[in-house]
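A, B, ... follow the sequence lines: proteins, then strands. Residue 1 opens every chain. The structure displayed is predicted, hence computed values, not measured ones.
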Protein chains: 2
Amino acid sequence: MSVAYDVLNDDDTYHHGNLRDELIDTAVDVIGREGVAALSLRALARDLGVSHSAPTRHFKNKAELLSAIMEEAYEDMLTTTVDAGYLAGDNPVHRLRAMARACMRWHVDNRALSEVIRNPDVSRTAGRNVKEVLAAFYIHSSRAILGAQGQSRNPDRPVEFVYLSMIVSVVGAASVLTDPVYVETLPALDADELIDDMVDHLFPLKDG
Amino acid sequence: MSVAYDVLNDDDTYHHGNLRDELIDTAVDVIGREGVAALSLRALARDLGVSHSAPTRHFKNKAELLSAIMEEAYEDMLTTTVDAGYLAGDNPVHRLRAMARACMRWHVDNRALSEVIRNPDVSRTAGRNVKEVLAAFYIHSSRAILGAQGQSRNPDRPVEFVYLSMIVSVVGAASVLTDPVYVETLPALDADELIDDMVDHLFPLKDG
DNA sequence: CTATTAATGTGGATGCTGACAACATGCTAT
DNA sequence: ATAGCATGTTGTCAGCATCCACATTAATAG
């Protein structure tokens with residue numbers, strides 16, 4: 001009894017074919033433009049020309065969609081950061097600096113994803129996957145930190161604290177650099193300069 | 001004791017008497033327990049034993065309520081930080097350290113308020129008031145930073161960058177210390193220790 | 001002290017959203 | 001071919017934000 005459909009969509013197949021991925025993509029799009037609060041499963045479905053409850057097949061609810069985005073985001077952040085470390089060569093200090101810089105840049109370059117993983121309402125739903133990624137992140141980072149400490153950078157500061165300083169700086173920079181209030185309040189806030197400045201003070205090139 | 005209770009119990013007055021303030025209070029309560037996403041004007045109205053559209057008289061919509069909370073939060077954060085600076089005495093380094101520590105503590109001690117002012121969906125609605133508070137915050141901070149630089153702390157680093165480092169550390173620490181994922185992932189994460197450690201590295205007591 | 005007005009709270013209506021259930025379609029393997 | 005499964009559709013319901021007309025109280029002017 002589906003003649004009505006053919007009138008509505010001429011060349012459309014019944015199945016969308018790639019709904020899950022496109023849901024995530026357009027969701028990230030919407031978040032980047034209007035924020036997490038503006039996200040609506042029904043609006044997403046409309047945008048993709050699909051019935052209002054089609055997303056249910058892929059994400060039981062809104063929290064699950066955001067959770068999936070968070071997982072992908074964390075994985076992307078991890079690989080980006082670790083890759084930058086390896087590309088930086090063998091000098092431990094250079095490697096650590098490259099990792100910190102890459103991680104900060106990732107947040108600035110992926111505003112929407114960063115906003116999602118920094119959202120408490122989302123991170124409250126984090127599962128084992130996310131925690132494993134963060135554990136891996138900690139391992140990679142602490143290895144690099146130990147290497148840099150071998151070159152007399154903060155040699156007697158506990159590794160966990162150095163790691164936390166890095167994370168805190170990254171997350172804080174992401175918050176400040178993407179927050180419209182700070183961006184408007186502070187004159188000439190250039191992301192690259194701030195990132196360089198912070199990395200220099202976290203892990204200085206010269207001995208301190 | 002409070003008027004609200006009498007209204008709830010038997011002495012049914014038509015007017016609530018203090019609805020605006022109690023809306024804010026219980027909203028902060030809810031946010032602290034369940035997060036911003038769980039906030040609902042109707043649920044607030046129910047909790048306060050008032051009709052579902054009574055809040056409209058005080059806040060046109062949810063965004064306006066959150067905006068009001070943000071304003072109060074910023075003001076509270078400013079005065080707490082500035083007061084701590086004055087109480088720390090005349091030594092500029094001590095003063096700056098006290099301010100940074102107080103600001104971090106404020107975020108940790110006021111999880112819900114901190115969550116609100118770090119929420120991009122909320123800060124997008126920030127008005128002149130909030131921006132003026134932040135401008136005042138910058139003035140107070142940069143004065144303290146200039147004083148500390150007179151004692152050879154980061155003497156040739158631009159004031160704005162030192163200020164931003166402080167803000168970034170504060171905001172980042174707030175994010176990390178209140179994020180369940182990080183709290184669970186990292187072993188024995190003590191807020192006080194981390195704050196002390198970060199303040200020591202931001203504004204060291206000894207010359208560096 | 002009273003009458004008028006502004007502030008505050010009520011109740012109902014509408015439209016959007018999340019969530020669930022029953023049904024339809026197309027792919028794949030046997 | 002056909003059974004089973006993944007995917008998409010329609011229908012429905014409850015919760016919520018928001019708007020509106022109306023009721024009650026508080027404040028104030030005369």
Side-chain angles (χ1 to χ4, degrees), chain A residues 1-27 30-31 34-69 116 119 121-122 124-125, chain B residues 2-27 30-31 34-69 119 121-122 124-125:
Chain A
M1 102 96 303
S2 349
V3 187
Y5 286 47
D6 301 334
V7 176
L8 290 176
N9 335 0
D10 32 350
D11 63 338
D12 248 355
T13 53
Y14 188 89
H15 281 55
H16 180 282
N18 194 26
L19 189 52
R20 202 196 118 100
D21 288 348
E22 298 212 23
L23 277 170
I24 290 185
D25 285 349
T26 63
V30 170
I31 293 169
E34 310 172 54
V36 173
L39 197 64
S40 135
L41 289 180
R42 285 174 108 99
L44 281 183
R46 270 196 301 273
D47 286 353
L48 294 174
V50 105
S51 110
H52 66 86
S53 68
T56 303
R57 293 295 155 207
H58 304 280
F59 308 104
K60 216 183 64 192
N61 51 38
K62 195 157 111 184
E64 216 169 78
L65 167 60
L66 286 169
S67 215
I69 295 177
V116 170
N119 187 320
D121 288 317
V122 179
R124 198 174 292 121
T125 72
Chain B
S2 96
V3 182
Y5 283 31
D6 298 336
V7 171
L8 283 175
N9 290 341
D10 41 339
D11 180 10
D12 255 353
T13 51
Y14 189 90
H15 280 58
H16 179 282
N18 195 24
L19 188 54
R20 203 196 116 101
D21 289 347
E22 298 213 21
L23 277 171
I24 290 184
D25 286 348
T26 64
V30 171
I31 293 169
E34 309 171 55
V36 173
L39 197 63
S40 133
L41 289 179
R42 285 174 106 100
L44 282 184
R46 271 198 301 275
D47 287 352
L48 294 173
V50 104
S51 113
H52 68 86
S53 66
T56 302
R57 294 291 158 207
H58 304 280
F59 308 104
K60 213 182 67 192
N61 50 38
K62 198 157 106 182
E64 215 168 78
L65 167 60
L66 286 168
S67 213
I69 294 177
N119 186 320
D121 288 319
V122 179
R124 199 174 289 120
T125 72

Inset, instruction - To the nearest 0.5 angstrom, please state how far the CG atom of B:Leu41 sits from the NE2 atom of B:His52. - result: 11.5 Å
Inset, instruction - Could you walk me through whether B:Leu65 and B:Leu44 pass side-chain contact (heavy atoms from CB on, under 4.5 Å), step by step? - result: CA-CA 11 Å; B:Leu65 167 60; B:Leu44 282 184; 3.7 Å; yes
Legend entry - Pairwise 5' ranking along DNA chain C for A:Ala43 and B:Leu19, keeping only the more 5' one: B:Leu19
Inset, instruction - Hey, which sits more toward the 5' end of DNA chain D by its nearest nucleotide, B:Ser40 or A:Val50? - result: A:Val50
Legend entry - Atom pair distance, as rounded to whole Å: CG in A:Leu41 and P in C:dC20: 12 Å
Legend entry - Protein-nucleotide distance (A:Leu39, atom CG; C:dG18, atom P), rounded to Å: 8 Å
Legend entry - Heavy-atom check, side chain of B:Asn119 versus side chain of B:Val36, under 4.5 Å: yes
Inset, instruction - Round to a whole Å and report the spacing from CD of A:Glu22 to P of D:dT7. - result: 14 Å
Inset, instruction - Hey, which sits more toward the 5' end of DNA chain D by its nearest nucleotide, A:Ala54 or A:Arg42? - result: A:Ala54
Inset, instruction - Let me know the distance between CG of B:Leu66 and P of D:dA17, rounded to the nearest Å. - result: 11 Å
Inset, instruction - Find the distance B:Phe59:CZ to C:dG9:C1' and express it as a whole number of Å. - result: 15 Å
Legend entry - Nucleotide C:dC20, atom P - distance to CD of A:Glu64 in whole Å: 11 Å
Inset, instruction - On DNA chain C, check which nucleotide each of A:Thr56 and B:Arg20 is closest to and give me the residue with the more 5' one. - result: B:Arg20
Inset, instruction - Could you check whether A:Arg46 gets within reach of a base, just the sugar-phosphate, or nothing at all, counting any heavy atom under 4.0 Å? - result: sugar-phosphate
Inset, instruction - May I ask you to verify whether the side chain of A:Ser53 and the base of D:dT10 hold a donor-acceptor pair under 3.5 Å? - result: yes
Legend entry - Distance, nearest 0.5 Å, that separates CG of B:Leu19 from NE2 of B:His58: 4.0 Å
Legend entry - Distance (rounded to the nearest 0.5 Å) between A:Asp121 CG and A:Leu66 CG: 9.5 Å
Inset, instruction - Would you mind reading off the distance between B:Asn61 atom CG and D:dC19 atom P, rounded to a whole angstrom? - result: 8 Å
Legend entry - Donor/acceptor link under 3.5 angstrom from B:His52 side chain onto base of D:dG15: no
Inset, instruction - Using whole Å, report how far NZ of A:Lys60 lies from P of D:dT7. - result: 17 Å
Legend entry - Side chain B:Arg57 and base C:dG9 donor-acceptor under 3.5 Å: yes
